[in-house]
Amino acid sequence: MRLLSALAALSLTTLGVVAAAPPATAQNQGSSTAVGYGGAVATVDATATAAGIEVLRRGGNAVDAAIAAAATLGVTEPFANGIGGGGFFVYYDARRRQVFTIDGRETGPATMTPTYFIDPATAKPYAFDEARVSGLSVGVPGTLATWEAAARQWGTRSLASALNRAARVADRGYRVDAEFRRQVTDNAAVFAQFDATRELYLPGGAPPALGATIRNPDLADTYRLIARRGTDVFYRGEVAADLLRTVRTPPVSAHPAAPWAYPIRPGVLTAADLARYRVRHPAPTRSDYRGLTVYGMSTPSSGGTAVGEALNILEASPLTSASTLDKLHHYLEASALAFADRGRYVGADTPQPVLRRLLSDSWARQRACAIDPHRALVKPVPPGPGCATAPADAAPDKGMSTTNLTVADRWGNVVEYTLTLEQFGGNGMVVPGRGFMLNNELTDFNFTGTQGDAADPNLPGPGKRPRSSMSPTIVLAGGKPYLAVGAPGGSTIITTVLQILLNRLELGMTLPQAVAAPRATQRNTAGIQAEPAFRTAYGPELTARGHVFGPDAPEIGAATAIEFTRDGAQVAVAEPVRRGSGSAAVVHPIG
Ligand code: GLU
C-alpha cells in the first residue's frame, strides 16, 4: 500500500494519541503533547506557547501567533534566538494551498572576502572561539525583518502588538530553570568579558540561582521603541547605531570577571550593510516521498536539500518489508551520503539547476546504489555523482543551539519557524542599553576550503549568507498539511528532522513517540553520534553491520511538531525531556 493511502486510513484513535492527551480542562501549556482543535502551538517554552495560544484564541492566525511566540522566545530564550539573530520561516497558506518561505538569514559585510576568518598575522584560520567572540562573527540580523515581512504579507495583527506583549514579559521577568542556568554556566567565561552581558546574566558575578527572576527592561524598551517607530529604527536608526558600535568597538569590560584566551577583535559591518538588509523569499525545496510532498527551506539553508535528498535515497531503497534495524541502517547511510553532497555542492550561491539535480530521483537512485544493506560504508563517504565508496574528508561541525516553533490555526495555515543566534549566547555581547544579544552566525562559513581540490560552496564572500542546517519542514498529504516539524541543534537539525520523519512514516510510531525516541546522527563523520538510549537499543546490532559509534551525545535536538489528523484535529508535540522539556498546547483540547 502506498504510504499516502495508509495515512488516509488513520484517525485519531489509530494514531494512538488520544490516550496521551492531557485533561480537557488543562490549558496544556506545561505539557509536551496536546490534542484538539482550533489551532495549536509547540515551542520550547511555556510562556512563548501561551503567547501564541492567546493570539489564536483572540482570532489571530498562525503567522500572528508564530510572531508572538517568537518575540516572547526572544525574551525567555535569549541565548538561542532574538532580534540580534536570524532564521527561516516556512508557511503553508491554506487559502492559496501553497508553501512560502522567508529567508531571514544573517548577512556578511559587503567587504567580506574568502579569507575573512584567516588571521593576517599568522595566515592561519582563527580558532573557532576566537572568531565567535568577536565583532567579525556578527552578520546583519534578519529576525526582525522576518517578523515584519510575515506580518505584512500573511498576518492579521501588527508586529507592534507582538512586540508590546513580549515587552511586558521582559518587564515582568521570567524564572531561571535548570536549562537556562546550564546555558549561562557553559558561557560564563564569555559573558564575563562584557559588562552589559554580565549585569544581565551573571548577577553578582555568577550564574543566576534556580528559580531567580530575570528581568530585561532594556529589551522591553527596545521592543517598545520598535513597536512605536517601526523596524527602521533597528536597521537605520539609533538601535542600528548602538549595534554597529558594539560590533566595531566590542564593549570589552575593563575588569573581566574571568580570563579569556583570545583577543576580542572588532568587526567591520557598516551602516550601509545594515540599511541594505532584505529578507528573501526563495521557493521552498520540494521532494515527493511515497505519495507525500515534503517542503523545506532552500539555500542558504542546506536543510531542505539534505532532508529531501536523504528521503529520496530512502525511497529508492527497499524499505517496505525491512526490519527496524534495516531501516535505521538505511537512515544512517542516506544521511551520510546527503551530507557528503551538502558539503560539496550546497552554499548560498548554489545555482538552482544544481539544487534541482540534488533533489531529483535520478540523483537519489545513483547515490542509493552505494548502500550495502548488510554492511555500513566507511565514513566519510565522497560526494556524488556516482556511488563510489572510497572515504573522503569529513566536514567540520560546530554548534548545538537555536530554537524552533510550530504553529497551526483553525483555518489550516501552518508555520514552521527555526531561529537562532548560532551558538548559545551568540558572540557573547549584549548590545549595551538595548538588552539583546548579537549573533555569531558568520562562523557558519567554512574558514578554509573543506573540499580538497574542489571549490567549497560555503566560503565567505561579499554580502554573502552563511550556509545553515536549519530545516523547518512541512509535509502535505493529498495537498493538505499532514505534518510540520523542525528542530535546533546545528547540523544535527537535519538528521533530527529526518529521524522524526522516519520514526513517524516508517517505524510505526505516533508523533509524540517519534519526537521522544532516542536519536542518532550520522553526518558523514567517522563515528555516529548517538544519545545513550539509542546506543543501548541498537548499538550492538548496528556495530555488527560495520557502523562505528563516536562519543555519545547526552541529547540531540529539541524538536517541535504538529500532526493534522483525518478528523481535522491537531496533535501538537514538544520535547518531553530534552532541553528541560518543551510546551505544546491547543486552543480547544479534546476531552
Ligand atoms: N547556526 C546553525 C545553523 O544555521 C544553527 C545553530 C545551531 O543550532 O547550533 O545551521
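Just the heavy atoms: all of them, side chains too, but no hydrogens, waters or symmetry mates, feed the values below. Both ligands and their constituent atoms are indexed starting at 1 by order of listing.
- The N/O atoms of Ile493, backbone and side chain alike, include none that comes under 3.5 Å of an N/O atom in ligand 1.
- Considering both main-chain and side-chain atoms, Asp444 comes within under 3.5 Å of ligand 1 through a nitrogen or oxygen pair.
- Salt-bridge annotation for Glu179 and Arg578: absent, with no side-chain N of the basic residue lying under 4.0 Å from a carboxylate O of the acidic one.
- Of all atoms in ligand 1, numbered sequentially from 1 with element shown, those under 4.0 Å from a heavy atom of Met470 are 4 (O), 10 (O).
- Taking a cutoff of 4.0 Å between a charged side-chain nitrogen and a carboxylate oxygen, Asp444 and Arg105 qualify as a salt bridge.
- Inspection of the Thr402 and Thr420 side chains reveals an N or O donor paired with an N or O acceptor under 3.5 Å.
- Partner Arg434 forms a side chain to side chain donor-acceptor pair (under 3.5 Å) with one of Asn216, Asp242, Thr222 and no other, that one being Asp242.
- Remark: ligand 1 atoms within the under-4.0 Å shell around heavy atoms of Glu441 are 1 (N), 2 (C), 4 (O).
- Using a 30° and 60° split on the angle between ring planes, Trp154 and Phe89 fall in the parallel class, below 30°.
- Centroid-to-centroid, the aromatic rings of Phe447 and Tyr116 stay 6.0 Å apart or farther.
- Aromatic pair Phe100/Tyr295: centroids not less than 6.0 angstrom apart.
- Neither the backbone nor the side chain of Glu106 has any atom closer than 4.0 Å to an atom of ligand 1 (non-hydrogen atoms only).
- Heavy-atom proximity to Gly490, at under 4.0 Å, picks out these atoms of ligand 1: 7 (C), 8 (O), 9 (O).
- Distances from ligand 1 to the non-hydrogen atoms of Gln423 include no value under 4.0 Å.
- The shortest N/O to N/O separation between Gly489 and ligand 1 falls below 3.5 Å.
- Side-chain contact of Glu416 with Asn404: a donor-acceptor pair under 3.5 Å is present, judged by distance alone.
- Within ligand 1, counting atoms from 1 as listed, the ones closer than 4.0 Å to a heavy atom of Arg105 are 4 (O).
- Proximity to Ser469 (heavy-atom distance under 4.0 Å) selects the following atoms of ligand 1: 3 (C), 4 (O), 10 (O).
- For the pair Thr420 and ligand 1, the shortest N or O to N or O distance does not fall below 3.5 Å.
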